[in-house]
Amino acid sequence: MLVAGTDTSVLTIEWAMSALLKHPEKMDKAKVEINNHIGNNRLVNESDLSKLPYFQNIILETFRLFPVAPLLVPHEASTDCTLGGYDIPQGTIILVNAWAIHRDPLVWNDPTSFNPERFEGAGEVGPTKLLPFGMGRRSCPGNGLAIGHWLTLSVFNTMF
Ligand code: HEM
């Protein structure tokens with residue numbers, strides 16, 4: 001649990017920071033959100049997060065472009081099955097290329113740009129489009145621990 005949760009979180013925080021440094025206009029927008037809702041006299045805490053939707057979208061966009069487990073983890077078919085029209089014999093090792101799904105131009109507009117705005121409103125997000133934590137019974141339990149919130153707080157309180 002500790003191993004699975006440490007590097008994944010640290011790497012995502014680093015990618016978010018790096019993306020903001022490379023996109024100063026997004027950084028400025030995040031700063032405006034903080035100045036409007038938090039000011040600069042205190043750290044952000046979890047109860048503030050609902051007032052900071054732009055920053056939460058920055059984390060989602062970081063998950064999309066820089067998934068820390070780009071092929072998730074290998075899974076083995078426990079029985080013969082058919083997946084997307086392909087026959088998969090029992091025992092086959094299956095890798096899910098989340099990195100490619102997250103950058104698929106059939107799924108995302110302008111997929112290689114760092115554009116947190118894509119998640120605003122109804123947005124482009126969907127349960128099978130953004131899968132940095134995998135899906136189904138063996139998906140990451142860290143997702144349920146509101147990992148996005150921790151990451152948002154870490155990036156916020158380190159950078160601003
Ligand atoms: C940015 C943060 C994280 C990301 C992107 C991430 C991603 C993932 C992915 C892709 C998997 C494999 C899912 C699959 O097989 O389809 C996984 C599994 C797992 N993660 Fe995370 N994780 C994160 C944080 C955490 C945290 C904070 C914890 C624990 C506190 C954690 C615990 C685990 C465990 C125990 C598994 C194995 C689950 C199983 O095989 O049943 N992860 N994670």
Side-chain angles (χ1 to χ4, degrees), residues 1-75 95-136 138-160:
M1 216 35 168
L2 212 58
V3 174
T6 308
D7 270 5
T8 46
S9 305
V10 170
L11 284 171
T12 305
I13 292 167
E14 286 181 1
W15 276 117
M17 289 178 172
S18 147
L20 284 175
L21 290 170
K22 280 168 121 177
H23 297 89
E25 73 290 359
K26 311 290 181 192
M27 170 97 95
D28 288 345
K29 202 168 162 182
K31 276 185 191 159
V32 169
E33 189 172 65
I34 298 178
N35 290 337
N36 287 346
H37 297 291
I38 311 292
N40 44 25
N41 298 322
R42 67 174 177 89
L43 294 177
V44 180
N45 60 52
E46 202 166 356
S47 62
D48 296 317
L49 291 177
S50 59
K51 293 177 251 162
L52 304 168
Y54 188 67
F55 215 92
Q56 295 196 45
N57 291 342
I58 288 173
I59 298 295
L60 290 179
E61 185 68 336
T62 305
F63 282 146
R64 186 184 71 83
L65 277 174
F66 313 109
V68 293
L71 299 177
L72 304 184
V73 300
H75 290 270
L95 297 175
V96 175
N97 192 342
W99 188 92
I101 295 169
H102 290 180
R103 290 168 181 248
D104 185 346
L106 298 174
V107 176
W108 303 94
N109 298 325
D110 194 9
T112 53
S113 331
F114 181 77
N115 178 24
E117 287 78 2
R118 71 174 76 244
F119 294 106
E120 285 171 1
E124 290 185 58
V125 73
T128 55
K129 293 170 71 175
L130 188 65
L131 48 152
F133 297 99
M135 290 182 75
R138 298 305 295 269
S139 68
C140 175
N143 192 13
L145 295 173
I147 186 71
H149 284 193
W150 299 356
L151 298 179
T152 308
L153 286 177
S154 311
V155 177
F156 248 137
N157 288 330
T158 313
M159 286 193 87
F160 297 98

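By convention here, the first residue in the shown sequence is residue 1.
Distance alone, capped at 3.5 Å, places no donor-acceptor pair between the Trp15 side chain and the Ile59 backbone. Arg118 places a side-chain N or O within 3.5 Å of a backbone atom of Asp110 that can act as its donor or acceptor partner. A donor-acceptor contact shorter than 3.5 Å links the side chain of Arg64 to the backbone of Pro111. Under a 3.5 Å cut-off, the side chain of Asp48 and the backbone N or O of Asn45 do form a donor-acceptor pair.
Across all their heavy atoms, Ser139 and Gly134 have their closest contact at CB-C, 3.7 Å. The two residues Ala19 and Phe114 make their nearest non-hydrogen contact at CB-CE1, 3.5 Å. Looking at every heavy atom in both residues, Ala30 comes nearest to Ile58 through CB-CD1, 4.0 Å. Nearest heavy-atom pair, Asn57 versus Phe119, reported as atom, atom and distance to 0.1 Å: OD1-CB, 3.5 Å. For Leu49 against Gln56, the heavy-atom pair with the smallest separation is O-NE2, 2.7 Å. Minimum heavy-atom separation, Leu72 to Leu131: CD2-O, 3.5 Å.
Within the model, atoms CE of Met27 and NZ of Lys22 stand 13.0 Å from one another, a figure rounded to the nearest 0.5 Å. To the nearest 0.5 Å, atom CG of residue Leu130 and atom CD of residue Glu61 are 9.0 Å apart. Once rounded to the nearest 0.5 Å, the distance linking CD1 of Ile38 with CD of Glu33 reads 8.5 Å. With rounding to the nearest 0.5 Å, the separation of CE in Met135 from SG in Cys140 is 14.0 Å. Atom-to-atom distance recorded for Thr62:OG1 and Glu14:CD is 12.0 Å, nearest 0.5 angstrom. The distance from the CG atom of Asp28 to the CG atom of Asn35 is 10.5 Å, given to the nearest 0.5 Å.
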Walk me through it: do Phe55 and Leu20 pass the test side chain to side chain contact (heavy atoms under 4.5 Å, CB included)?
CA-CA 11 Å; Phe55 215 92; Leu20 284 175; 4.0 Å; yes
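Look at Glu117 and Lys29 and you find a salt bridge, because one of the NZ, NE, NH1 or NH2 atoms lies within 4.0 Å of a carboxylate O, short of that distance.
Annotation: side chain of His102 is not in contact with side chain of Leu65 (no heavy-atom distance under 4.5 Å).
A donor-acceptor contact closer than 3.5 angstrom is absent between the side chains of Tyr54 and Glu120.
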